[in-house]
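As a basis for the values below, the full set of heavy atoms in this structure was taken, side chains included, without hydrogen atoms, waters or symmetry mates. In this text the structure is predicted, and so the values were computed from the model without any measurement.
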Amino acid sequence: MPAWLIALDRHLPIRYLALLGCATAALLGAFAWIGFGVGGGWALLGWIGVVVGIRDLRQRRHAVLRNYPVIGHLRFLLEFIRPEIRQYFIESDNEAAPFSRQQRSLVYQRAKGEPDKRPLGTQLDVHRQGYEWLNHSLQPTVLASHDFRITIGEGCAQPYSASVFNISAMSFGALSANAILALNAGAKRGGFMHDTGEGSVSRYHREHGGDLVWEVASGYFGCRDEAGRFDAEKFAALATDPQIKLIEVKLSQGAKPGHGGVLPGPKVTAEIAAARGVPEGVDCVSPSAHSAFATPEELLRFVARLRELSGGKPAGFKLCIGHPWEWFAICKAMLVTGLTPDFIVVDGGEGGTGAAPLEFTDHVGAPLQEGLLLVHNTLVGLNLRERIRIGAAGRIVSAFDIARAMALGADWCNSARGFMFALGCIQAQACHTGHCPTGVTTQDPVRQQALVVPDKAERVFNFHQNTLHALQELVQAAGLQHPREITTRHIVRRTPGDRVTLLANCLPVVQPGELLAAERGERPWPQPVYELYWPMARADSFSPREPLPA
């Protein structure tokens with residue numbers, strides 16, 4: 001910096017020049033307006049700047065504004081639009097998080113029915129550690145349809161034939177009314193499931209008649225008494241609705257497992273209150289734990305009771321894996337009681353939500369790969385896998401994401417943010433503010449008008465269909481008949497030392513009945529996680545037994 005400028009800054013700090021400029025514009029503009037009838041606009045702007053500058057100097061909340069009156073507001077403006085600047089001008093196609101520009105563009109293109117092809121080859125580094133690919137066959141198959149389905153609850157009075165790709169749990173309240181309408185209309189047209197989220201079934205879920213998964217969480221919204229406890233009569237009255245196909249008990253979600261929530265009273269509108277069965281304008285509390293059961297055995301009896309009350313519809317639960325002994329305790333309870341859920345949805349720790357503490361988002365809950373593998377392997381090792389279907393959720397948007405999850409043991413996949421992108425979400429990450437720029441995650445009636453239901457419903461349908469069509473092409477290229485035939489032997493991963501190996505060789509695999517044999521002492525435990533935590537698990541409590549001596 002030149003010496004003269006340093007000297008000037010000592011006597012008239014440069015940071016005040018913006019305020020000085022405003023004062024000059026105000027005085028000169030006022031003089032010109034009084035004397036010549038021009039410059040009134042400049043005078044008005046100048047005086048506004050002077051008032052803002054004086055206010056900045058007197059306020060005590062922001063040090064930046066006290067030291068840099070007027071011009072300091074530029075810092076807050078740039079900070080406000082920083083995500084958009086990075087997203088549109090700085091980030092590469094593959095570096096953004098939680099979803100890259102390339103991933104979002106893929107969804108947008110498929111949702112709009114536009115070509116999703118890529119010229120000139122991959123933009124990924126195929127030599128980086130962790131890169132994966134699907135081995136193809138020299139004898140590809142030709143499949144008649146991309147409408148891949150699996151049956152959930154084969155032994156139930158009302159089994160359900162589900163698509164392998166569905167809408168994950170998102171509540172009315174977290175999403176706008178128009179978003180729910182569009183999602184359900186797309187699900188109706190495409191014949192796939194729409195999970196209600198824990199906010200229960202609103203009138204917007206009902207309007208188009210799409211298949212619903214009713215998620216029953218710790219707040220028992222839609223089936224609670226005045227004290228917030230489970231009400232069997234209210235549950236049965238709603239669960240027998242033909243539109244509801246599955247009953248899902250939410251134990252935890254990947255974005256914030258073990259964490260409850262509160263919807264502040266001012267946000268509990270009449271419509272939200274009606275859907276959840278809570279008083280309007282009063283804080284709506286989602287406890288961190290259920291009150292209808294306290295042990296693994298009670299959980300299974302609760303699931304069986306919901307199946308009965310619903311008229312024989314498939315019932316199961318959703319969880320993000322945490323303490324291994326708690327999951328093993330549920331499995332032991334299955335063996336003791338003979339009761340099994342019809343399905344289990346594994347939610348990965350990388351899952352998203354409208355608002356969660358940063359520590360929970362980043363550091364709580366097992367990622368989908370580890371959680372899904374543990375659930376699948378345990379059920380295989382106990383000879384229970386054929387009785388229980390497994391769903392998977394957690395950052396799934398492409399056909400390869402679906403194929404990989406199914407290789408790890410999933411029967412079907414759910415996606416939340418993928419379908420949000422199909423609705424027009426631009427990853428502004430303003431879901432918790434009520435100021436969603438596209439009307440997806442807001443209750444502001446003006447903002448959500450931007451989301452035109454017929455157009456977005458078409459995009460939801462297109463995204464589902466085009467993603468399954470891409471999955472069909474992957475299945476055909478692998479020489480298979482159904483995505484459930486994809487296993488860890490079909491996917492290859494680059495590992496340290498520039499080596500490549502099948503997923504089957506680098507991820508743990510448990511053989512049928514192996515855990516039962518290990519428990520009887522007939523063979524060693526297949527993995528340390530079972531050797532350490534299985535003896536600690538107990539069917540009558542989620543609390544562990546004392547660890548065995550080393």
**OP:** For the residue pair Ile247 and Phe343, establish whether any side-chain heavy-atom pair is separated by less than 4.5 Å.
**Re:** no
Original post:
Checking salt bridge (Lys or Arg N to Asp or Glu O under 4.0 Å) against Asp342, which of Arg307, Lys245, Arg389 comes through?
Top reply: Arg307
Subject >> Flag for Tyr160-Asp211: side-chain donor and acceptor within less than 3.5 Å >> reply: yes
**OP:** Kindly say whether Ile180 contributes a backbone atom to a donor-acceptor pair with the side chain of Asn184 at under 3.5 angstrom?
**Re:** no
**OP:** Report the C-alpha separation of Trp327 and Val346 in whole Å, then their side-chain angles, then the decisive distance to 0.1 Å, and conclude whether the side chain to side chain contact (heavy atoms under 4.5 Å, CB included) test is met.
**Re:** CA-CA 11 Å; Trp327 160 241; Val346 181; over 6 Å; no
Original post:
Relative to the ring of Phe419, is the ring of Phe463 parallel (under 30°), tilted (30 to 60°) or perpendicular (over 60°)?
Top reply: perpendicular
**OP:** Tell me, with the steps shown, if Ser310 and Ile244 meet side chain to side chain contact (heavy atoms under 4.5 Å, CB included).
**Re:** CA-CA 9 Å; Ser310 66; Ile244 296 175; over 6 Å; no
Original post:
Quick check: are there more than 12 heavy atoms from other residues, nucleotides or ligands sitting under 6.0 Å from CD of Glu114?
Top reply: yes
Original post:
Can you tell me if CD on Glu386 sees more than 12 non-hydrogen neighbours from other groups inside 6.0 Å?
Top reply: no
Original post:
Checking Glu215 side chain against Asp195 main chain: does a donor-acceptor pair fall under 3.5 Å?
Top reply: no
Original post:
If we only count heavy atoms from C-beta on, is the Leu175 to Val440 side-chain gap below 4.5 Å?
Top reply: yes
Original post:
How far does CD of Glu308 sit from SG of Cys156, to the nearest 0.5 angstrom?
Top reply: 12.0 Å
Subject >> Residue pair Asn178 / Lys456, side-chain heavy-atom distance below 4.5 Å >> reply: no
Original post:
With no hydrogens and no angle check, is any side-chain donor or acceptor of Asp401 less than 3.5 Å from a backbone partner on Ile396?
Top reply: no
**OP:** Return the minimal non-hydrogen interatomic distance between Tyr131 and Val126, and the atom names on each side.
**Re:** CD2-O, 3.4 Å
**OP:** Work out which heavy atom in Gly153 is nearest to a heavy atom in Pro159; give both atom names and the distance.
**Re:** O-CB, 3.1 Å
Original post:
Checking Arg385 side chain against His376 main chain: does a donor-acceptor pair fall under 3.5 Å?
Top reply: no
**OP:** Identify the two heavy atoms, one from Ala179 and one from Leu423, that lie closest to each other, and give their separation to 0.1 Å.
**Re:** CB-CD1, 3.9 Å
**OP:** Spell out, as yes or no, whether a donor-acceptor pair under 3.5 Å connects the side chain of Thr141 to the backbone of Leu143.
**Re:** no
**OP:** Examine distances only and state if a side-chain atom of Arg545 and a backbone atom of Arg538 form a donor-acceptor pair shorter than 3.5 Å.
**Re:** no
Subject >> Salt bridge Lys250-Glu198, side-chain N to carboxylate O under 4.0 Å >> reply: yes
**OP:** Would you indicate whether the side-chain heavy atoms of Glu359 and Val364 approach each other to under 4.5 Å?
**Re:** no
Original post:
Do Ser176 and Tyr204 meet the criterion of a side-chain donor-acceptor pair at a distance under 3.5 Å?
Top reply: no
Subject >> CA sep, side-chain torsions, deciding dist, call: Leu300, Thr340, side chain to side chain contact (heavy atoms under 4.5 Å, CB included) >> reply: CA-CA 7 Å; Leu300 296 180; Thr340 56; over 6 Å; no
Original post:
Between Lys313 and Asp241, is there a salt bridge with N-O shorter than 4.0 Å?
Top reply: no
Original post:
Less than 4.0 Å between a side-chain N and a carboxylate O, is that true for Asp411 and Arg484?
Top reply: yes
Original post:
Where the side chain of Gln253 meets the backbone of Asp347, is there a donor-acceptor pair that is under 3.5 Å apart?
Top reply: no
Original post:
Is there side-chain contact between Tyr530 and Phe328, with at least one heavy-atom pair below 4.5 Å?
Top reply: yes
Subject >> Stepwise side chain to side chain contact (heavy atoms under 4.5 Å, CB included) test for Phe165 and Ser415 >> reply: CA-CA 7 Å; Phe165 189 44; Ser415 177; 3.6 Å; yes
Original post:
Under 3.5 Å, side chain of Gln243 to main-chain N/O of His205, donor-acceptor pair present?
Top reply: yes
**OP:** Could you pull out the closest heavy-atom pair between His208 and Lys188, with the gap in Å?
**Re:** O-CG, 3.4 Å
**OP:** For the residue pair Tyr533 and Trp325, categorise the inter-ring angle as parallel (less than 30°), tilted (30 to 60°) or perpendicular (more than 60°).
**Re:** tilted
**OP:** For residues Ser171 and Gly199, report the shortest heavy-atom separation together with the two atoms involved.
**Re:** OG-N, 2.9 Å
Subject >> Non-hydrogen atoms of Val380 and Val510 that approach each other most closely >> reply: CG1-O, 3.3 Å
Subject >> Ring geometry between Phe293 and Phe302 (parallel below 30°, tilted from 30 to 60°, perpendicular above 60°) >> reply: tilted
Original post:
So how far is it from Gln123 CD to Arg118 CZ, rounded to the nearest 0.5 Å?
Top reply: 7.5 Å
Original post:
Any sub-3.5 Å donor-acceptor pair from Asn166's side-chain atoms to Phe192's backbone N or O?
Top reply: no
**OP:** Kindly compute the distance separating SG (Cys436) from CE (Met420), expressed to the nearest 0.5 Å.
**Re:** 7.0 Å
**OP:** Any chance you could measure Leu181, atom CG, to Leu451, atom CG, to the nearest 0.5 Å?
**Re:** 9.5 Å
**OP:** Look up atom CD in Gln476 and atom OG in Ser137, then write down how far apart they are to the nearest 0.5 Å.
**Re:** 11.5 Å
Original post:
Are there more than 12 heavy atoms of other residues, nucleotides or ligands under 6.0 Å from atom CZ of Arg499?
Top reply: no
Original post:
Is there a donor in the side chain of Arg417 and an acceptor in the side chain of Gln427, or the other way round, less than 3.5 Å apart?
Top reply: no
Subject >> Value rounded to 0.5 Å, distance of CZ in Arg149 from NE2 in His482 >> reply: 10.0 Å
Subject >> Any Glu485 side-chain heavy atom under 4.5 Å of His490 side chain >> reply: no
Original post:
Backbone N or O of Ala111 within a donor-acceptor pair of the Asn462 side chain at under 3.5 Å?
Top reply: yes
Original post:
Hey, are the side chains of Trp133 and Ile491 touching, using non-hydrogen atoms and a 4.5 Å cut-off?
Top reply: no
Original post:
Is the closest side-chain heavy-atom distance between Glu370 and Ile321 below 4.5 Å?
Top reply: no
